Every structure is written in structure tokens, then in C-alpha cells.
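Here the structure is laid out as C-alpha cells; the discussion comes afterwards.
What you are looking at is a predicted structure, and each value in this text was computed from that prediction instead of being measured. Proteins get letters first, then strands, A, B, ... in listed order; numbering begins at 1 in each.
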Amino acid sequence: MPKIVGHIYTLFLVLISWVIFAFEDLGQIGTYLSTMFGLNSANLANAEAIYYLKNYIIIIIIGIIGSIPLKNIIKKWAKNNENKTNKSKNKNVVNMKKRDIVISVCASICFIAVLLLSTASLVNNSFNPFLYFRF
Amino acid sequence: MVFSSVVFLYIFLPIMLLIYFLVPKRFKNLVMIISSFIFFAWGEIRYIPIMLILAVMDFWCGNKINKFWEDKKKKRFYLWLDVGVNLLILFFFKYADFIISSINGITGLNIPLLHIPLPIGVSFNTFQSLSYIIDVYRGTVKCEKSFYNYLTYTTLFPQIIAGPIVRYETVDEELVDKKISLDNFSLGMKRFIVGLGKKVLIANNVGALWNVIETGAFGEMTVLLSWVGIISFALQIYFDFSGYSDMAIGLAKIFGMNFDENFNYPYISKSITEFWRRWHITLGSWFRDYIYIPLGGNRKGLPKQIRNILIVWALTRSMAWSIMEFCALGTIFWCYFNNREIVFTESIR
């Protein structure tokens, strides 16, 4: 089986399972699933759907990107590049040091930004549900 | 108290860390115990006495098992005593009202319901206690000789809300000798911030969208919106859950302890079994090691294997009609295929 088929089939099953998991009522599960597959009278899309999609598309894309191991992919790519350009060694060492410093400074700025943004969101009292009451 | 709150981030944690790093080594566990109690008492104080009693019980039974190492009967007695008490308390909180209402239904009596809300973390606490006592019984870990250290283990607050499940063998050395360093501190801080961002910036935002779609708090439902909705729910669950695990792992690192990883990019899986090897890893392996394999796994023929799968399913099902429920289904698949691999490698040897 080609890889892509495996990915699609797994994600598909997982999404269906999340529907079953999200609702406690069997009737609601049925309605939701049949809407997803166009089995009832639901329209394909309307102005409201587009409105919500537009408002949330960025955070959904960030979420999807965050669900793949981007860090490992970049590391692999960087390593490959290094091997290619390994001819002029002395110059490379200096470059690497510079690069590492730049990366670590950027990373620190990102961490501080995430902390500040999270704090702002918490202070703002925005939607912050606690999902683990039943454990 | 929850991690994603201003009180925790800017009052509790800084004060706790300051004291933790200032006190001499032998008092660090004490600081952890006291802060765990404050952490739990913030929401509800009533679970603390039970936690203490269970800790005494585990500790006492563990030492008894050690004492009667040669006496199989006594050893087994103390194992089952501890397992029994732990499960009894868990089931009491989870099912007291369910049982009362069933009795009312059958007999026509009218016993009032107790309406006890489930104390936060009671399940994870039980998982930890059981892993300790079973490992002591099996001889895979030495029993803890110091109640002070055991209490630190059983009350550890970072992971108690949503995992990862920390086994005694993972932290037994670090209960005595913590790896406190500037490196670990900064690694832990980074990990914690990653988790916080996952929870507050991503999970909460997509969660808000799902909340609107789920409750139908808008006009007409469409095909497009139903897909957007379920994708945002999938993202919410993943980022909330793994964010909590990241925060727990990060906090532990700051304290100089190492927890096991709990999530490994589940949504890139190529099969369902792979998904369960990547989703809430410590829960899956807990059920495999302490329930499925002791029951014989799949090595005693198909009928028994089906029975074992059903037991795991029933147990996780009853644990909570919640995220655990979903984990249960996965655990079954996971145990089934994993154990096939185990049998396979054993036959090669």
C-alpha cells in the first residue's frame, strides 16, 4: 500500500472516531456523520460556513503544521545541505557558529513571544476549557 | 489549580521554584510535597486525606511484600490488599451514584444519590500506585524504604491531571538525587512554554470554533462546516492533551526529573496501530504491561485473547466515559498487534 493511502485512511478513521467520541447521543452522531457525507439535505456550503472558515483558517493551518514533525524535517534538510557544502571546512566552522547564535536568539524571542501571547490571552479571560474533570 | 492560569504561572510557580532552588537538597522533596498539596487544595481539599491514606497503604504493602519475599501466599495477599483498596476508592468515586441509581431502579427504593464529583487526578493517581505495587511484587523495582520519598512520588503534581503516567521505575533514582542544572532548567522552561502555547494559543482557539459548531449556535449546518468542525475538534484534543503533557514534562525537567514522552505526532501515522503507538503512549503501555500481558495476552489461544481484549475494553470503558473511552479502543488494537510482534520475536529466539 502506498504511504499516502495509509495516511489518508488513518486520518479518515480517526476523524470519524472523533465524531463518535465528541457526542454522547447516538442521534447526534448520526446527524453529524450524514451531514459530513452529504447524506441528508444539508447544503454544501453557505455564507456562514465561509465566514467561520475565513475567521479560523489561519489557526487551523497553524495547527495542522504543528501536527507534523517539521523540526525533524528541517534538521534533516539542514544536515543534507551541510554535507553538500562541507568542502571549505574552515569557513564553515565560523559560519556554523554564527548560524547557531542566530538560531538560538530567534528561538528565545519566539519562546518569550509565546509566553506573552498566552498570558495576554489568559488575562483576557478568553475561552479556556478544562477537559480533564472526568479523570 | 490548572497550569494555564495566571495564578499558577505568575504566583504559584515562581514562589515554589524560588523556595525549591534555595532550600538544601534534603528538603527539596518536602517543598514538592507541600506545593503538590497546595496545588490540589486550590480546587478541592477533600481528596488530600484519601491521597495520604493511599500513600501509606502502598508504602506499607510494598514493604510487606519485600519482607515476605519467600512466602508466596503472604506476598500475594499484600499485593491484592493494596490493589483492592486502590480500586475500591477509584470505583467509589466513579460509580457510587451509578450503583445507587441502578439499585433504586431495580428495587424501587429511593436511596438519595451522593453527587460526589470526581476528584481531579484520581485515575492517574491509581495508575501510579498500581504500577508501583505490581512492579515491587514482580521484583522489577526495589520497594521504597523512605515514606518521605514515596509520598513525593505519589503526590507529584505536574502529571496528575492529564498524564503522562509516571512509573515508579522512571523516577526512583531522581526522587533521591535530582538532576538540577541550568541546562535542565532552560530545557524545562522551553518545554513548558511550548505546552502552554499549544494549549492556550492553538487548542483554545480551535476549541472555540468547535464549541460554536458543536452546539449549533448558528444557523444552518453545511457539509463544509461539519468538516471544518471535526478537524478543529481533532486539533483541539491533540493540542490540549499533548500541551498538558509537554507542560508536565517541562516542569519535571525544571525540578530535575525526567518523565516519559506521551505523544509523538499521532496525526502523521500510516495505520491505526501506529496512531495508538503515538497517542497517549504511557496509557497504552500501562494497559499492555499491567493488564493485557498478565492475563496472558494472545499466547493462550484465540478465545482467551478475545476475553483479554474484552477485559481491557470493559475496564477502560468504565474508567471514564471520556477520552479514556477512546484510548481503550486504541489500546485493544495496539495490544493485539504489538503482542503479535512480541510472540514473533520470541519464537525467533
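- In this structure, B:Q236 and A:P129 approach most closely via the heavy-atom pair NE2-CG, 3.9 Å.
- Contacts with chain B were tallied for A:P69, A:A45, A:G63; A:P69 has the most, counting heavy-atom pairs under 4.5 Å.
- Annotation: maximal heavy-atom pairing with chain A below 4.5 Å, among B:F192, B:F239, B:F263, occurs at B:F239.
- At a threshold of 4.5 Å between non-hydrogen side-chain atoms, the residues B:F275 and A:L13 do not count as touching.
- Inter-residue side-chain proximity for A:S118 and B:K199 is flagged as unmet; no heavy-atom pair is nearer than 4.5 Å.
- At least one donor-acceptor pair under 3.5 Å links the side chain of A:Y32 to the backbone N or O of B:S226.
- For the pair A:N128 (side chain) and B:V200 (backbone), a donor-acceptor distance under 3.5 Å is absent.
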(message) Determine whether B:L196 and A:V114 satisfy the following criterion, side-chain contact (heavy atoms from CB on, under 4.5 Å), listing intermediate values before the conclusion.
(response) CA-CA 8 Å; B:L196 183 71; A:V114 169; 5.8 Å; no

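- Using a 4.5 Å cut-off between heavy atoms, B:T126 makes no contact with chain A at all.
- Per-residue counts of heavy-atom pairs under 4.5 Å with chain A were compared for B:V6, B:D240, B:V206; the largest is that of B:D240.
- Annotation: maximal heavy-atom pairing with chain A below 4.5 Å, among B:I202, B:I230, B:L224, occurs at B:I230.
- For the pair B:E214 and A:F23, the minimum side-chain heavy-atom distance is below 4.5 Å.
- Formation of a donor-acceptor pair under 3.5 Å by the A:N43 side chain with backbone atoms of B:T222 is not found in this model.
- Put simply, the side chain of A:W18 never gets that close to the backbone of B:F233: no donor and acceptor are under 3.5 Å apart.
- Here the OH atom belonging to B:Y238 is positioned 5.5 Å from the OG atom belonging to A:S67, to the nearest 0.5 angstrom.
- Proximity to chain B is absent for every atom of A:Y51, based on heavy atoms less than 4.5 angstrom apart.
- Within 6.0 Å of atom CD1 in A:I73, more than 12 heavy atoms from other residues, nucleotides or ligands are found, so the atom counts as buried in its surroundings.
- In terms of heavy atoms, A:G66 sits closest to B:Y265 at O-CE2, 4.0 Å.
- For A:Y56, the part lying near chain B is the side chain, with the backbone staying farther off; criterion is any non-hydrogen pair under 4.5 Å.
- Per-residue counts of heavy-atom pairs under 4.5 Å with chain A were compared for B:N125, B:N205, B:N264; the largest is that of B:N205.
- The shortest non-hydrogen separation linking B:I268 to A:I68 is CG2-CG2, 3.6 Å.
- Side-chain atoms of A:T10 and B:Y267 form no donor-acceptor pair, as typed in the model, at a separation below 3.5 Å.
- Between A:I59 and B:L209, every side-chain heavy-atom pair lies at or beyond the 4.5 Å cut-off.
- Put simply, CD on A:E48 and CE on B:M221 are 11.0 Å apart, with the number rounded to the nearest 0.5 Å.
- Remark: B:K253 pairs with no residue by the salt bridge (Lys or Arg N to Asp or Glu O under 4.0 Å) rule, at least two apart or across chains.
- With a 4.5 angstrom heavy-atom cutoff, A:L115 touches chain B via backbone and side-chain atoms both.
- If you take OH on B:Y10 and CG on A:L122, they are separated by 8.0 Å, rounding to the nearest 0.5 Å.
- Considering only heavy-atom pairs separated by less than 4.5 Å from chain B, the leading option among A:L15, A:L53, A:V123, A:I64 is A:L15.
- Using a 4.5 Å cut-off between heavy atoms, B:F93 does not touch chain A at all.
- Between A:F111 atom CZ and B:S186 atom OG the span is 9.0 Å, to the nearest 0.5 Å.
- Ranked by non-hydrogen atom pairs under 4.5 Å with chain B, the options A:I50, A:T119, A:I62 are led by A:T119.
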